[in-house]
Structure formats: structure tokens, C-alpha cells
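Both counts, for ligands and for their atoms, begin at 1 and track the order of listing.
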Amino acid sequence: MKQALGPGALLLRGFAAAADAQVLAGLQEVLEQAPFRHMITPGGYRMSVALTNCGSLGWVTDRTGYRYDAADPETGKHWPAMPAAFLRLARDAAAHAGFDAFVPDACLVNQYLPGARLTLHQDKNERDFSAPIVSVSLGVPAVFLFGGLKRSDRPSRVPLEHGDVVVWGGPDRLRYHGVQPLKAAHHYLLGEQRINLTFRKAG
Ligand code: MD3
Ligand code: FE
């Protein structure tokens with residue numbers, strides 16, 4: 001089922017559910033090479049969300065700022081390759097939203113445990129804002145905050161559940177967004193965690 005969240009934001013409820021086992025197998029391979037870790041923001045705070053990356057570029061933050069980097073700062077090695085099941089899912093979801101031939105070069109994997117959250121922010125470290133962003137939610141449900149072009153615009157609340165996919169593009173690409181603190185719950189495949197895969201064309 002397709003639901004428009006804005007002129008360029010399409011929610012595909014349950015789109016990833018059929019492929020969840022393949023996606024989670026791909027995630028295990030990524031985590032063996034690049035485990036979840038808590039990064040430090042430029043302001044000096046430890047993120048409550050733990051993260052890792054796969055693909056040729058990964059999103060990283062430290063005291064010097066936010067950026068995309070080909071290397072994992074923990075090891076100095078390249079990020080793991082994007083699993084085939086990840087690429088397929090991102091490409092198929094983008095195509096359903098009208099973006100043909102979406103080939104992401106970066107997949108940020110966020111891990112939320114109870115209490116973890118993402119404060120309102122914009123994604124603007126990418127080179128090309130014309131490419132969409134595809135976001136895949138797995139595990140424990142969360143409340144997504146979808147704001148406006150100003151931080152002060154009151155966000156709407158969108159519940160996101162296991163298998164939900166959102167494709168963001170065009171006029172909604174620079175909207176503020178965040179995730180409310182995760183409520184404790186259990187998911188039969190993922191236990192206490194929520195995982196979000198965010199596919200981007202970053203380079
Ligand atoms: C709306 N992650 O890592 S991506 C992030 O659930 C991030 O972990 C969210 O925001 C999460 O930066 C979901 C959803 C997303 C991404 C880009 C957007 C929503 C967006 C750009 C514009 C508007
Ligand atoms: Fe974001």
C-alpha cells in the first residue's frame with residue numbers, strides 16, 4: 001500500500017517484509033566486518049543510535065564534523081560491500097516511487113535500542129540532492145518525525161513498522177526529520193532492536 005507523506009515522499013507499507021530474511025542475512029555479513037558503534041557528534045555528544053555502513057561510501061561523524069568516507073574509522077579499511085539483497089530492495093522501492101535506475105553508493109545502518117532517538121536534522125552531506133533517499137525499517141516499531149524546511153516547523157508523527165519503506169525525493173528531500181525515543185518492545189526476528197537502512201547516492 002502506497003501513502004504520500006508529502007509531494008516527494010512515498011511510504012510503501014510492508015514493502016520489505018517479503019525479503020526480510022535475505023536482508024537480515026546480508027546485514028549479518030556486514031556486521032561481521034563492521035560492527036555497530038556509537039559515534040561522537042561535532043558538538044561532543046555520543047549518539048544514542050549505534051551505526052555502521054556498507055557500500056563504497058559510509059556516513060561518519062566525529063569532533064571534526066559529518067562527512068562521507070570510503071574507510072571505516074575503526075579499522076581504516078573500506079566499508080563492506082553492499083549485499084545484493086540490499087541493492088535489489090533499494091532499486092525496486094525507488095522504481096515504485098518513480099525513480100528509475102537508482103543505484104545507491106552508500107547504505108547507513110542505524111541500530112535503535114530502547115530510548116535511542118534521532119533529533120530533528122536535515123540530510124545535506126550528499127553531493128546530489130536530485131537522487132532520492134530510500135529508508136527501510138526493520139524490527140521494533142518507531143515514531144518518525146517529519147518536519148518542514150525550518151527546524152521550527154511542527155513535525156507530523158508517522159509510525160514506521162517492520163518492512164515499511166519510505167522513498168524521499170524532490171521537494172521533500174531537505175525537510176527536517178527525526179525519530180522519537182524507541183519504546184521497549186519485542187520483535188520476533190530482531191528482538192529488542194529497531195534497524196533502519198538508509199540508501200543514498202552520496203558521491
Ligand atoms: C526525510 N535515519 O540516518 S531515514 C538518518 O529511521 C535518518 O534512522 C532515519 O534520518 C532512521 O539520517 C530514517 C529517513 C529519511 C532520510 C532522509 C530524509 C527521511 C528524510 C530526507 C528528507 C526528509
Ligand atoms: Fe536523516
Side-chain angles (χ1 to χ4, degrees), residues 3-13 15-16 23 27 36-39 41-42 47-55 57-61 65-69 79 86 89-90 93-94 97 99 102 104 106-151 153-183 185 187 190 193-202:
Q3 179 185 342
L5 299 180
L10 195 66
L11 169 55
L12 306 170
R13 288 262 182 226
F15 189 88
V23 169
L27 178 62
F36 287 124
R37 78 293 301 271
H38 293 273
M39 290 190 178
T41 66
M47 291 180 67
S48 61
V49 172
L51 65 85
T52 187
N53 290 280
C54 58
L57 288 171
W59 184 88
V60 299
T61 175
Y66 309 119
R67 65 187 176 279
Y68 283 93
D69 203 311
W79 293 106
F86 281 32
L89 175 59
F99 294 95
F102 175 53
C107 176
L108 167 62
V109 186
N110 288 328
Q111 181 201 42
Y112 297 76
L113 293 174
R117 65 187 192 125
L118 211 52
T119 55
L120 280 183
H121 66 279
Q122 291 172 298
D123 289 14
K124 48 182 186 185
N125 291 113
E126 299 74 27
R127 190 176 302 234
D128 176 8
F129 293 149
S130 69
I133 290 181
V134 174
S135 146
V136 177
S137 291
L138 298 168
V140 169
V143 177
F144 183 74
L145 299 170
F146 193 36
L149 294 176
K150 291 181 302 190
R151 190 185 294 276
D153 292 339
R154 178 166 284 303
S156 48
R157 285 165 170 68
V158 183
L160 291 180
E161 295 183 7
H162 180 78
D164 289 349
V165 177
V166 189
V167 182
W168 318 86
D172 291 318
R173 176 66 180 74
L174 288 174
R175 283 170 70 161
Y176 278 88
H177 58 278
V179 178
Q180 282 190 349
L182 195 76
K183 280 180 53 178
H187 185 271
L190 283 149
Q193 27 167 18
R194 171 181 190 251
I195 302 280
N196 183 267
L197 311 176
T198 306
F199 295 93
R200 301 183 169 97
K201 181 142 180 43

Run the numbers for me: atoms of ligand 1, each under 4.0 Å from some heavy atom of Val179, listed by number. 6 (O), 11 (C)
So which heavy atom on Asn53 is nearest to which on Leu108, and how close? OD1-CA, 3.4 Å
CZ of Arg173 to CD1 of Ile133, rounded to nearest 0.5 Å, is 3.5 Å
Close side-chain approach of Asn125 to Arg67, heavy-atom, < 4.5 Å: no
Criterion side chain to side chain contact (heavy atoms under 4.5 Å, CB included) against Arg194, the qualifying member of Asn110, Val49, Leu160, Leu113: Leu160
I need the nearest protein heavy-atom contact for atom 22 (C) of ligand 1: residue, atom name and distance, please. Arg173 O, 3.0 Å
Under 3.5 Å: N/O of Trp168 near N/O of ligand 1: no
Determine whether any heavy atom of Trp59 lies closer than 4.0 Å to an atom of ligand 1. no
What are the two closest heavy atoms between Gln122 and Leu174, and how far apart are they? NE2-O, 2.9 Å
His121: numbered ligand 1 atoms lying under 4.0 Å from its heavy atoms: 5 (C), 7 (C), 10 (O), 12 (O)
Quick one: look up the protein heavy atom nearest atom 4 (S) of ligand 1 and list residue, atom name and how far away it is. Thr198 OG1, 3.6 Å
Distance, nearest 0.5 Å, that separates CG of Asp123 from OG1 of Thr198: 7.5 Å
If you round to the nearest 0.5 Å, how far is OH of Tyr66 from CE of Met39? 12.5 Å
Among Val179, Leu145, Asn196, Leu182, whose side chain to side chain contact (heavy atoms under 4.5 Å, CB included) with Leu118 holds? Val179
Please verify whether a non-hydrogen atom of Gln122 lies at under 4.0 Å from ligand 1. no
What protein heavy atom sits nearest atom 7 (C) of ligand 1, and how far off is it? Leu118 CD2, 3.4 Å
Report yes if Arg175 has an N/O atom closer than 3.5 Å to an N/O atom of ligand 1; otherwise report no. no
Classify the contact between Leu108 and ligand 1 as side chain, backbone, both or neither, using a heavy-atom distance cut-off of under 4.0 Å. side chain
Number the atoms of ligand 1 from 1 as they appear, then name those within less than 4.0 Å of a heavy atom of Asp172, with their elements. 22 (C), 23 (C)
Euclidean distance, His38 NE2 relative to Thr61 OG1, rounded to 0.5 Å: 14.0 Å
For atom 3 (O) of ligand 1, which protein heavy atom lies nearest, and how many Å away is it? Asn110 ND2, 3.0 Å
Between Trp79 and Tyr68 (judged by ring centroids, cut-off 6.0 Å), do the two rings come close enough to count as a pair? no
Distance from Ser135 atom OG to Arg200 atom CZ, nearest 0.5 Å? 9.0 Å
In terms of heavy-atom contacts, Ala9 and Asp172 come closest through N-OD2, 3.1 Å
Distance in Å, Asp164 CG paired with Ser137 OG, rounded so as to fall on 0.5 Å steps: 6.0 Å
Nearest non-hydrogen protein atom to atom 6 (O) of ligand 1, with distance, is Arg194 NH1, 2.8 Å
What is the number of protein N, O or S atoms that sit under 2.8 Å away from the Fe ion (ligand 2)? 3
Does ligand 1 have any atom sitting under 4.0 Å from a heavy atom of Tyr176? no
Sole candidate of Phe129, Phe144, Phe99, Phe102 that passes ring-ring contact (aromatic ring centres under 6.0 Å, His included) when paired with Trp168: Phe144
Which atom of Val134 lies closest to which atom of Ala90, heavy atoms considered: CG2-O, 4.0 Å
Hey, is ligand 1 close enough to Tyr112 that some N/O pair sits below 3.5 Å? yes
Nearest-contact summary for atom 18 (C) of ligand 1 - protein heavy atom, Å: His177 CE1, 3.4 Å
Atom 13 (C) of ligand 1: which protein heavy atom is closest, and how many Å away? Asn196 OD1, 3.5 Å
Can you find a non-hydrogen atom of Arg200 under 4.0 Å from ligand 1? yes
Of all the atoms in ligand 1, which lie at a distance below 4.0 Å from a heavy atom belonging to Ser135? 4 (S), 13 (C), 14 (C)
Measure the acute angle between the ring planes of Phe199 and Phe86, then classify it against the limits of 30° and 60° as parallel, tilted or perpendicular. perpendicular
Considering heavy atoms of the protein only, find what lies nearest to atom 16 (C) of ligand 1 and give residue, atom and distance to 0.1 Å. Asp123 OD2, 3.6 Å
At less than 4.0 angstrom from any non-hydrogen atom of Ile133, what atoms of ligand 1 do you find? 16 (C), 17 (C)
